[in-house]
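Report on one structure; see the data block that follows.
What you see is a predicted model, and the numbers here were worked out from it, not measured in a lab. Chain naming here is simple, since letters A, B, ... match the order of the sequence lines and numbering starts at 1 in each.
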4 protein chains.
Amino acid sequence: MDKKALLTPRKTASQQRSRAMIEVLVEATARVLIKEGFDRANTNRIADEAGVSIGSLYQYFPSKEALVIAVIERHKSEMVDVLRGTLAKVAALPIDSAVRELVKTMIDAHRVNPDLHRVLVEETPRAGRIGTIDGFDREFYTLIRAYLELRKAELRPMDLDLAAYICVSSTEALTHGAVIDSPERLNDGNVQAFVNEVATLITRYLK
Amino acid sequence: MDKKALLTPRKTASQQRSRAMIEVLVEATARVLIKEGFDRANTNRIADEAGVSIGSLYQYFPSKEALVIAVIERHKSEMVDVLRGTLAKVAALPIDSAVRELVKTMIDAHRVNPDLHRVLVEETPRAGRIGTIDGFDREFYTLIRAYLELRKAELRPMDLDLAAYICVSSTEALTHGAVIDSPERLNDGNVQAFVNEVATLITRYLK
Amino acid sequence: MDKKALLTPRKTASQQRSRAMIEVLVEATARVLIKEGFDRANTNRIADEAGVSIGSLYQYFPSKEALVIAVIERHKSEMVDVLRGTLAKVAALPIDSAVRELVKTMIDAHRVNPDLHRVLVEETPRAGRIGTIDGFDREFYTLIRAYLELRKAELRPMDLDLAAYICVSSTEALTHGAVIDSPERLNDGNVQAFVNEVATLITRYLK
Amino acid sequence: MDKKALLTPRKTASQQRSRAMIEVLVEATARVLIKEGFDRANTNRIADEAGVSIGSLYQYFPSKEALVIAVIERHKSEMVDVLRGTLAKVAALPIDSAVRELVKTMIDAHRVNPDLHRVLVEETPRAGRIGTIDGFDREFYTLIRAYLELRKAELRPMDLDLAAYICVSSTEALTHGAVIDSPERLNDGNVQAFVNEVATLITRYLK
DNA sequence: AATGAATGAGCGTTCATTCAT
DNA sequence: AATGAATGAACGCTCATTCAT
């Protein structure tokens, strides 16, 4: 049997009903992951939480892993949505202000669902990849790469691919760490100092 | 019963024999993690790999989790050892060269056992913390914080705590990503370019 | 988690299927207890004997203990049923004949399933309580207490609670001992002598 | 291998040392049984409690069962000792007072070590037999049988074997129940009432 | 399509017992 | 004789998955 077949939803969400069911199941999985943690999240528990029979669950998702992957994907795209929104607004700004806005947005992205984010990154095997160039950073990277191209004139001469990688990876690491591991860094007055430093890091590097 | 009791080796490694057994078990656990992945690594398999009875395993480690934690600790301290070695040599250097050396060393640290590192970070619940200010970065952070204090005169005025955090987090994210996720970035000629960029990022930020 | 949850059947026997399954499992547990003894009776063996998967067993009973308790309860109620039947008939009789009938019935009650009774009393931890005022005697006690009240006029003046306790405890001990430990006392002609003596013991005490 | 060999102490207690060791182990087993219950009492725990290595334990007792049997035997003989003491004193008394004394003594016997007695009877497989004609009652029975013979003249004509059985079984059941299961029956003023009733039961039966 | 009862491989762990030292 | 490290059979139990209804 095809390994990939075990990791993707079984039906094209062509029908209204299917889509709703998938949504319900992914949502339930996320809730169970948050409430119980990865170890205690089992498919029967998830079917219960979704108010759906275990049989139906397996009609839409071929394995537990597929369910978790769907949660990861959904969470990633929610985070990316936040970023995309800002990038549209920011494209016209000069680097200094653009970077500041993007750093703030990265924080917001991690705040979309920090409880879920923590469970995924800390407890979920293979979902650690979330904050990785293979993970949601891939899309962020593409967006930033395009922005740098656009603003090339303001930058020192550099390998834009590498530069984008460095900006994305370090910003994601720093904002992730602040939101998830050291929330005290983002208390009230601290936010600005933190954002300043990260923005300084990136801006000085680029110019 | 003490929860912590389930996470630490059962016997003090006071005797020659005990220490050897612990070493054998931790080593076997690491090998199984690499060969089989976290999900397929179970205590019976580990005991087999160690050439030891399952009963002996439980005489030294009170749970599977304790075994994995021991592997994590050992791996972390091997990485920290690499860093510490370099830092001693580098303390006397000016920032530019010091940073370059440290970036190179961070790469080396991730190359100590990259297969194990990948399993621990990607598959092992709660070990995601490994590349985190709570994980092995803690020690790296302390070392760097001290270095910055030492070289304060060469730096722009800044909050050294925050600066150390930013240097450590971003350097670890970038070198980790390069070694584990994008090894092509470190092929032959690429290494220097990569090191240059990361060193530039950090150096410009500090000065 | 509720400790009690581990000792009671998991599903209400509301459905036909469930009730059948529970019956099959309790029956199998009793058979295994008799054939193998308590120590060798384990859940996998019981599931085998029941012709049911171990998973199904745990769908209906949350633990081995719960299974054994169910056997005990069923056995107790079978014994009590025997007693209750006789008591209804005997209520109208004067003490002498009533006591004789009850002693005979107590013997019958112990003969309902003496092999199981022996295992439960001799080998099963905490089931020793079976022949105890806390165990099935409780119901017998209630029945007898009511009978004594009814027949108060024929008795010497006495504390009926205490008297009922003494009648029940001693009759149960004597009939249990005879059936389970000294069956030769109940061979053919011996039965009558034995019943006579026990009836004499109780009757003289009461009048 | 001889099954019986697994149930008796390995060495004739010919040497001072051996006897002391056996004593220490039996004592430790009793303490562990009381403190932890039968299920949680394991041989390593017992060796610990005895301050002796597990190897030494197995030098003196061939199995866990042997250890528990030794505890049972010791406990039984302590209870019998109490009875024997009284019987000597009571042999000369007329039935009424003798029975009263013996009932009181039976209570005392159950109070020798009620915690241990409870664990043995309620939790220990096969030790439930303690309060049985095969258990410590056997010796009590012999003593009483002899007493009845001695006092035959005062009794109604009866089968002394059967009578002794009935006296012993019912007295043991009643006193056991009172001490172990319903201690409130023996609170202060209640003791006398209880003793009176049991003595009445037996005396009326015999005369 | 939907249900949920049933399955059973497989896991973590315990503990009576052995045996090299 | 004494030690205690080592053994491994065996057990209770979970949970992803299937399939008859």
Side-chain angles (χ1 to χ4, degrees), chain A residues 6 11 15 17-18 21 39-48 51-68, chain B residues 6 10-11 15 17-18 20-21 39-48 50-67, chain C residues 6 10-11 15 17-18 20-21 39-48 50-67, chain D residues 6 10-11 15 17-18 21 39-48 51-67:
Chain A
L6 289 175
K11 322 200 160 184
Q15 300 175 353
R17 270 241 232 107
S18 295
M21 178 67 93
D39 289 347
R40 305 180 55 83
N42 61 262
T43 50
N44 289 292
R45 184 87 186 61
I46 290 168
D48 260 21
V52 148
S53 77
I54 183 69
S56 292
L57 182 155
Y58 275 90
Q59 217 132 73
Y60 290 93
F61 288 91
S63 72
K64 180 188 179 180
E65 205 182 352
L67 229 17
V68 174
Chain B
L6 289 174
R10 261 174 171 155
K11 315 199 167 181
Q15 298 169 356
R17 267 257 217 85
S18 295
M21 175 97 284
D39 289 345
R40 306 183 56 80
N42 60 264
T43 50
N44 287 292
R45 220 177 284 248
I46 290 169
D48 265 16
V52 146
S53 80
I54 182 66
S56 291
L57 183 156
Y58 276 92
Q59 213 138 87
Y60 289 94
F61 290 91
S63 71
K64 178 191 176 176
E65 206 182 353
L67 233 13
Chain C
L6 290 174
R10 262 174 171 156
K11 315 200 166 181
Q15 298 170 355
R17 266 255 217 85
S18 295
M21 176 98 279
D39 289 346
R40 305 182 57 80
N42 60 262
T43 50
N44 287 292
R45 219 177 284 248
I46 290 168
D48 265 17
V52 147
S53 80
I54 183 67
S56 291
L57 182 155
Y58 276 94
Q59 214 138 88
Y60 290 93
F61 290 91
S63 70
K64 178 191 176 175
E65 206 181 352
L67 234 13
Chain D
L6 289 174
R10 261 173 173 154
K11 321 199 163 185
Q15 299 174 353
R17 270 240 234 112
S18 295
M21 178 67 92
D39 288 346
R40 305 180 55 83
N42 60 263
T43 49
N44 288 291
R45 183 87 185 61
I46 290 168
D48 260 21
V52 148
S53 77
I54 182 70
S56 293
L57 182 153
Y58 275 90
Q59 216 131 75
Y60 290 93
F61 289 90
S63 71
K64 180 189 177 177
E65 205 183 352
L67 229 18

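- Across E:dA6, E:dA2, E:dC15, the shortest atom-to-atom separation from the side chain of D:Asn42 is found for E:dC15.
- Residue C:Thr43 has its side chain nearest to F:dG12 when only F:dA6, F:dG12, E:dG8 are considered.
- Dashed line: the shortest gap from a side-chain N or O of B:Tyr60 to OP1 or OP2 of F:dA5 is not under 4.0 Å.
- In terms of the side chain to side chain donor-acceptor pair (under 3.5 Å) criterion, D:Thr43 has no residue partners (sequence neighbours excluded).
- Legend: residues meeting salt bridge (Lys or Arg N to Asp or Glu O under 4.0 Å) with C:Asp39, ordered by chain and number and at least two apart, are D:Arg126.
- Looking only at distances, no side-chain donor or acceptor of D:Arg45 sits under 3.5 Å from a matching main-chain atom of D:Arg40.
- Distance from the side chain of C:Ser53 is smallest to E:dT7 among F:dA2, E:dT7, F:dC13.
- In this view, B:Ala41 and B:Val32, B:Leu33 satisfy the side-chain contact (heavy atoms from CB on, under 4.5 Å) rule, not counting sequence neighbours.
- For D:Asn42, there are no side chain to side chain donor-acceptor pair (under 3.5 Å) partners, not counting sequence neighbours.
- The C:Arg45 side chain lies nearest to F:dC11 when the options are E:dA6, F:dC11, E:dG4.
- Remark: C:Ser53 OG to C:Gln59 CD distance equals 8.0 Å, nearest 0.5 Å.
- To the nearest 0.5 Å, atom OG of residue D:Ser63 and atom CG of residue D:Leu67 are 8.0 Å apart.
- Atom CD1 in C:Ile46 sits roughly 18 Å away from atom P in E:dG8 (whole-Å rounding).
- Stem analysis of DNA chain E (at least three stacked-register Watson-Crick or G-U pairs, each with both distances under 3.5 Å) gives E:2-21 with F:2-21.
- Among E:dA2, E:dG8, E:dA5, the nucleotide with an atom closest to any side-chain atom of C:Ile54 is E:dG8.
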Close N/O contacts between protein and nucleotides 19-21 of chain E (under 3.5 Å):
none

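- Taking side-chain N and O atoms only, A:Asn44 has no distance below 4.0 Å to OP1 or OP2 of F:dC15.
- Distance check, rounded to the nearest 0.5 Å: NZ of A:Lys64 to CG of A:Asn44 gives 10.5 Å.
- Note on B:Ser56: every side-chain N or O is 4.0 Å or more away from OP1 and OP2 of F:dA5.
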